[in-house]
Amino acid sequence: MKPTPEQIRSALAAAEAMRERGEDPDALALTLLYLKRHCERLEPVFLHAERYVGFGQDEGEHRQLVRAIEAARRGEAKEAGADTQDFGLTSSA
């Protein structure tokens with residue numbers, strides 16, 4: 001069952017408060033906050049993938065999709081503490 005927007009806001013506020021107090025023994029708050037950021041990074045990927053497929057694989061939408069995927073990957077790498085510098089070895093659109 002999908003939570004309401006108010007339930008989501010309340011749960012996120014509670015998770016942030018738990019983390020600030022250092023009261024998160026099972027990492028539930030950490031996990032919820034991570035999943036929120038993860039979803040936020042993936043929403044543009046979904047949007048551009050949907051447009052790319054829906055508009056007949058438009059070149060501009062492909063470029064936006066690739067950029068959204070790269071941004072999501074950078075966010076995930078940053079979240080994991082990985083070095084995100086690619087020294088120009090990845091393709092850019």
Side-chain angles (χ1 to χ4, degrees):
M1 178 180 295
K2 183 177 179 179
T4 66
E6 180 54 36
Q7 289 171 321
I8 293 171
R9 281 190 292 276
S10 177
L12 290 170
E16 288 172 0
M18 287 175 67
R19 296 294 296 162
E20 288 173 6
R21 292 189 308 263
E23 298 173 359
D24 191 15
D26 297 318
L28 292 174
L30 175 70
T31 301
L32 178 61
L33 295 170
Y34 164 75
L35 290 173
K36 175 189 178 279
R37 291 186 303 271
H38 184 70
C39 286
E40 288 172 345
R41 284 190 294 271
L42 292 179
E43 284 172 3
V45 174
F46 177 73
L47 171 71
H48 290 294
E50 204 170 41
R51 287 181 180 171
Y52 177 67
V53 171
F55 294 125
Q57 300 180 348
D58 176 72
E59 186 176 316
E61 278 305 323
H62 178 265
R63 185 171 37 259
Q64 293 296 334
L65 175 57
V66 169
R67 288 180 181 156
I69 291 169
E70 290 172 348
R73 283 185 179 151
R74 283 191 304 274
E76 285 297 304
K78 183 177 180 183
E79 193 90 33
D83 184 4
T84 59
Q85 191 170 10
D86 65 13
F87 301 103
L89 299 176
T90 60
S91 63
S92 61

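We count residues from 1, following the sequence as given. Everything quoted here is computed from the prediction, not taken from an experiment.
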Original post:
Looking at Pro3 and Ile8, what are the two nearest heavy atoms and their distance?
Top reply: CG-CG1, 3.7 Å

Original post:
Between the side chains of His62 and Gln57, is a donor N or O closer than 3.5 angstrom to an acceptor N or O?
Top reply: no

**OP:** Could you check if a side-chain atom of Arg51 sits within less than 4.5 angstrom of a side-chain atom of Gln64, using non-hydrogen atoms only?
**Re:** no

**OP:** Inspect the contact between Arg9 and Glu6 and indicate whether a charged nitrogen and a carboxylate oxygen are less than 4.0 angstrom apart.
**Re:** yes

**OP:** Taking all non-hydrogen atoms of both residues into account, name the closest pair between Arg41 and Val45 and its distance.
**Re:** O-CG2, 4.1 Å

**OP:** Going by the side chain to side chain donor-acceptor pair (under 3.5 Å) test, name the single residue among Arg67, Glu61, Arg63 that passes it with His48.
**Re:** Glu61

Original post:
Atom CG of Leu12 and atom CG of Leu35: how far apart are they, to the nearest 0.5 Å?
Top reply: 10.0 Å

Original post:
Are the side chain of Asp26 and the backbone of Leu28 linked by a donor-acceptor contact shorter than 3.5 Å?
Top reply: no

Original post:
Taking only residues two or more places apart in sequence or in another chain, which ones pass ring-ring contact (aromatic ring centres under 6.0 Å, His included) with Phe55?
Top reply: none

Original post:
Is it the case that one hydrophobic cluster holds both Ile69 and Tyr52, taking links as side-chain heavy atoms less than 4.5 Å apart, direct or via other members?
Top reply: yes

**OP:** Quick one: pull up CZ in Arg19 and CG in Leu32 and give me the separation to the nearest 0.5 Å.
**Re:** 11.0 Å

Original post:
side chain to side chain donor-acceptor pair (under 3.5 Å) with Glu40: which of Lys36, Arg37, His38?
Top reply: Lys36

Original post:
Taking everything shown except Glu59 itself, do over 12 heavy atoms lie less than 6.0 Å from its CD?
Top reply: no

**OP:** Give the minimum heavy-atom separation between Ala15 and Ala29, together with the two atoms involved.
**Re:** O-CB, 3.4 Å

Subject >> Shortest non-hydrogen contact between Ala72 and Leu42, atoms and distance >> reply: CB-CD2, 4.1 Å

Original post:
Is the number of heavy atoms from other residues, nucleotides or ligands within 6.0 Å of OH (Tyr34) greater than 12?
Top reply: yes

